[in-house]
Amino acid sequence: MTYTLGIDIGTYQSKGVLVDGSGNIVAEARVPHEMIVPRPGWAEHRADEDWWDNFKAITREILATAKASGIDPAEIACIGTSGIGPCMLPVDKDGTPLMNAVLYGVDSRAGAEIEELTARIGEDTIMARCGNALTSQSVGPKILWLARNRPEIFARTAQVLNSTSYLTYRLTGEYTVDHYTAANFTPLYDVNAQDWAADLAEGIVPLDRLPRLLWSTEIAGHVTAAAAAETGLAEGTPVTAGTIDAAAEAVSVGVRRPGDMMMMYGSTVFIIQVTAERVNDARLWYAPWLYPGAHASMAGLATSGTLTHWFRDRFARELPRETAFEALSAEAAASPPGANGVLMLPYFAGERTPIHDPYAKGAFFGLNLTHTRGDLFRALIEGIASGTAHVFETYAEVGAPPKRILAVGGGTNNPVWLQSTSDYGGLPQIVCEKTVGASYGDAFLAACAVGRAAPDDIEAWNPAVRTVTPEDHPVVKRQYALFKRLHGQTRDIARELDGLS
């Protein structure tokens with residue numbers, strides 16, 4: 001028997017699994033960390049402490065469990081990694097981080113650079129060449145922000161990495177990035193040529209500061225002697241190029257055919273649908289899928305599970321931390337659909353798809369003296385579900401409604417959130433046996449990379465176990481319509497407030 005190891009760096013925790021050749025999890029571990037918010041609209045991680053130190057801790061814990069079962073590190077056939085993305089991490093010529101990593105679309109610091117690059121290059125050119133409009137999710141404007149606002153750091157930058165790239169570098173000494181992740185470096189990646197775009201990158205970053213492009217199941221390198229000493233892994237173990245966590249999470253539940261959509265319940269809601277052809281719409285994101293010849297259309301909210309953490313920490317401090325979410329979910333379940341008339345806009349860090357509004361603000365609306373904490377928590381969940389329904393509606397409008405939705409992530413353990421998403425979106429969701437998420441997908445991709453599995457084997461590794469079907473509540477239709485009107489009618493106020501922050 002041989003094994004594959006998958007490790008994922010998330011927004012609030014890192015997770016790892018060791019999987020055997022049949023997809024059984026034989027060891028797993030997780031380590032928490034925090035998202036740093038130094039000022040409104042910013043979001044950061046510490047690459048060494050939050051990414052690499054957590055990777056080492058997880059690996060050593062897993063290897064200790066494996067050793068107790070008689071498994072030697074040399075029996076690990078391949079390592080797959082993933083991480084939050086797209087991120088921006090500048091490193092120097094020795095691969096040392098020069099600042100905290102700037103996170104994905106939840107970080108909206110580069111609004112001015114987005115507007116400037118859009119005007120300079122042109123919306124039509126960006127969409128035709130890059131497949132994506134410039135938004136807070138794009139890495140290119142954040143690199144330009146770095147050059148403008150931290151010129152001394154930019155001058156020392158030898159490579160611009162993301163979370164997975166940094167792990168791969170620490171393990172192998174190689175600077176690589178997968179095509180799926182690179183497509184989020186807009187406007188630096190040409191989706192037609194599937195290569196970095198020298199003309200579009202001019203005035204932003206030299207191409208020699210961007211990693212080598214690979215497909216997710218290609219081998220980026222092998223564990224070095226130094227990395228083996230730090231982690232306990234066997235020197236020479238193959239390491240895949242990896243990918244962004246959401247893509248690995250989609251793989252983990254069987255997203256692989258056109259029409260398959262992943263609904264990821266995590267710190268943010270993230271959605272990926274595999275498509276037969278490229279979907280070209282500025283409200284959604286596009287990337288080549290993890291294998292040559294396939295396409296992916298993506299969407300994501302800026303804050304989702306992050307909001308449940310915020311609510312717990314502000315309004316449920318008296319509850320034991322380990323059971324707080326269970327208690328809050330019970331309170332939300334006691335509130336009826338529609339949360340007794342409370343509307344909630346989940347735009348606490350602006351919003352990504354489909355409105356792409358970095359100035360949008362969060363709000364609870366419709367409060368009166370009868371409302372309870374359970375009403376507010378239910379309204380928060382239904383606000384996230386409404387944002388998700390807006391994404392589903394957008395897919396239908398562009399002619400790409402999903403054929404099936406596969407749910408994954410920690411939020412699948414919250415029955416109110418799961419059911420509300422189906423109710424507001426009007427679509428059923430399939431839940432698989434294992435909802436471990438990205439780390440499990442990493443282990444599967446690693447098995448594919450070394451010929452231990454084929455893409456269709458995921459159904460045997462992780463079979464479907466239940467389906468959540470939408471329930472028809474007239475109040476839900478009313479709340480959703482009001483939700484969209486509330487954002488439209490507060491857009492100008494939100495932008496003025498942003499200037500006062």
Side-chain angles (χ1 to χ4, degrees), residues 6 8 10-11 15 80 82-86 104-105 137 178 180-181 183-184 216 242-276 279 284-291 294-301 304-305 352-354 384-385 387-392 394-396 400-414 417-418 421-422 425 427-445 448 455-456 458-459 461-468:
D8 171 65
T11 304
K15 295 177 285 187
S82 63
I84 51 171
Y104 50 95
Q137 188 81 346
D178 65 296
Y180 176 87
T181 302
N184 293 276
S216 296
T243 190
I244 291 176
D245 57 356
E249 199 132 7
V251 168
S252 79
V253 289
V255 171
R256 64 195 186 284
R257 302 189 191 101
D260 284 351
M261 173 183 281
M262 175 201 70
M263 171 67 196
M264 185 183 80
Y265 293 83
S267 300
T268 66
V269 160
F270 202 85
I271 292 169
I272 298 176
Q273 183 174 190
V274 175
T275 61
V279 172
L284 303 170
W285 298 309
Y286 167 78
W289 189 224
L290 305 184
Y291 321 105
H295 305 269
S297 179
M298 289 82 64
L301 308 188
S304 304
R352 300 192 289 176
T353 56
I384 299 168
T388 305
H390 201 178
V391 172
F392 291 160
T394 303
Y395 274 101
K403 294 178 180 177
R404 62 174 189 156
I405 299 175
L406 296 121
V408 67
T412 58
N413 297 317
N414 183 327
W417 190 1
L418 199 63
T421 299
S422 277
L427 295 168
Q429 301 173 82
I430 298 167
V431 180
C432 292
E433 180 180 85
K434 302 178 184 73
T435 58
V436 175
S439 57
Y440 191 75
D442 295 330
F444 181 75
L445 288 170
C448 292
D456 284 346
I458 191 62
E459 285 198 352
W461 277 41
N462 194 15
V465 292
R466 63 189 174 101
T467 299
V468 179

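As a basis for the values below, the full set of heavy atoms in this structure was taken, side chains included, without hydrogen atoms, waters or symmetry mates.
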Visitor: State whether the side chain of Thr412 and the backbone N or O of Val408 hold a donor-acceptor pair below 3.5 Å, judged by distance alone.
Guide: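 Pair absent, no side-chain N/O of Thr412 close to backbone of Val408.
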
Visitor: Taking the side chain from Asn462 and the backbone from Ser252, do they hold a donor-acceptor pair closer than 3.5 Å?
Guide: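 Yes, because the side chain of Asn462 sits within donor-acceptor range (under 3.5 Å) of the backbone of Ser252.
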
Visitor: Enter the distance from Ile405:CD1 to Thr467:OG1 here, rounded to the nearest 0.5 Å.
Guide: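 If I round to the nearest 0.5 Å, the distance is 11.0 Å.
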
Visitor: Out of Met262, Gln273, Gln429, which one pairs with Pro402 under the side chain to side chain contact (heavy atoms under 4.5 Å, CB included) rule?
Guide: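 Answer after filtering Met262, Gln273, Gln429: Gln273.
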
Visitor: Taking only residues two or more places apart in sequence or in another chain, which ones pass ring-ring contact (aromatic ring centres under 6.0 Å, His included) with Phe392?
Guide: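 Counting only residues at least two positions away or on another chain, Phe392 forms no ring-ring contact (aromatic ring centres under 6.0 Å, His included).
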
Visitor: Rounded to the nearest 0.5 Å, what's the gap from SG on Cys448 to CD1 on Ile458? Could you check?
Guide: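 It is 8.0 Å, given to the nearest 0.5 Å.
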
Visitor: Minimum heavy-atom separation for Asn184 to Pro86, with atom names?
Guide: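 So the two residues come closest at CB-CG, 3.4 Å.
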
Visitor: I'd like to know whether Thr268 forms a side-chain hydrogen bond (donor to acceptor under 3.5 Å, both in side chains) with Tyr104, so could you lay out the CA-CA distance, the side-chain angles of the two residues, the decisive distance to 0.1 Å, and finally the verdict.
Guide: CA-CA 10 Å; Thr268 66; Tyr104 50 95; 4.7 Å; no

Visitor: Hey, what do you get for CZ (Arg352) to CD (Gln137), rounding to the nearest 0.5 Å?
Guide: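 Rounded to the nearest 0.5 Å, the CZ-CD separation comes out at 4.5 Å.
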
Visitor: So that I can tick it off, tell me whether Arg404 and Asp260 are bridged by a salt bridge, with the cut-off set at under 4.0 angstrom between side-chain N and carboxylate O.
Guide: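 Answer for the salt bridge query: yes.
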
Visitor: With heavy-atom distances below 4.5 Å as the criterion, would you say the side chains of Arg256 and Glu459 are in contact?
Guide: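 The answer is yes; the side chains approach within 4.5 Å.
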
Visitor: Could you tell me if the side chain of Val251 sits less than 4.5 Å from the side chain of Trp289, heavy atoms only?
Guide: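 Yes - at least one pair of side-chain heavy atoms lies under 4.5 Å apart.
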
Visitor: Compare every heavy atom of Gly80 with every heavy atom of Asp442, then report the nearest pair and how far apart it is.
Guide: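 Looking at all heavy atoms of both residues, the shortest contact is CB-O, 3.4 Å.
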
Visitor: Looking at Gly242, is its backbone amide N or carbonyl O close enough to the side chain of Ser216 to form a donor-acceptor pair, meaning the two atoms are under 3.5 Å apart?
Guide: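 Looks like yes, one N/O pair under 3.5 Å.
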
Visitor: Could you report the tightest heavy-atom contact between Ala296 and Ile272, atom names first, then the distance?
Guide: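 Where Ala296 meets Ile272 most closely, the heavy atoms are CB-CG2, 4.2 Å.
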
Visitor: Distance check, rounded to the nearest 0.5 Å: Asp245 atom CG versus Ile84 atom CD1?
Guide: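 Nearest 0.5 Å value for the CG-CD1 distance: 7.0 Å.
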
Visitor: Kindly give the heavy-atom pair with the smallest separation between Gly266 and Trp417, and that separation in Å.
Guide: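 It is O-CH2, 3.9 Å.
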
Visitor: Give the table of side-chain donor-acceptor pairs shorter than 3.5 Å for residues 431-441, with sequence neighbours excluded, one pair per line with atom names and distance.
Guide:
from, atom 1, to, atom 2, distance (Å)
Lys434, NZ, Trp461, O, 2.7
Tyr440, OH, Gly23, O, 2.7
Tyr440, OH, Trp461, O, 3.2

Visitor: For His390, give me all partners under side-chain contact (heavy atoms from CB on, under 4.5 Å), at least two apart in sequence or on another chain.
Guide: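 Testing His390 for side-chain contact (heavy atoms from CB on, under 4.5 Å), a comparison that skips the adjacent residues, returns Pro354, Ile355, Glu393, Thr394, Tyr480, Lys484.
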
Visitor: Show the nearest heavy-atom pair for residues Ala299 and Leu284, with the distance to one decimal.
Guide: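 Looking at all heavy atoms of both residues, the shortest contact is CB-CD2, 4.0 Å.
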
Visitor: Just by modelled atom types, is the Gly305 backbone N or O under 3.5 Å from a matching donor or acceptor in the Ser267 side chain?
Guide: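 No, because the side chain of Ser267 does not come within donor-acceptor range (under 3.5 Å) of the backbone of Gly305.
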
Visitor: Would you call Thr353 and Phe270 a side-chain contact if the rule is heavy atoms closer than 4.5 Å?
Guide: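 No, every pair of side-chain atoms sits at 4.5 Å or beyond.
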
Visitor: Looking at side-chain heavy atoms only, is the closest gap between Ile271 and Thr388 below 4.5 Å?
Guide: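 Touching, per the 4.5 Å side-chain cut-off.
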
Visitor: If I take atom OG1 from residue Thr243 and atom CG from residue Leu445, how far apart are they, to the nearest 0.5 angstrom?
Guide: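 Rounded to the nearest 0.5 Å, the OG1-CG separation comes out at 8.0 Å.
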
Visitor: Between Tyr395 and Ser297, which heavy-atom pair has the shortest distance, and what is it?
Guide: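 It is OH-O, 2.8 Å.
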
Visitor: Atom CG of Leu427 and atom OG of Ser422: how far apart are they, to the nearest 0.5 Å?
Guide: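 OG of Ser422 is found 7.0 Å from CG of Leu427.
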
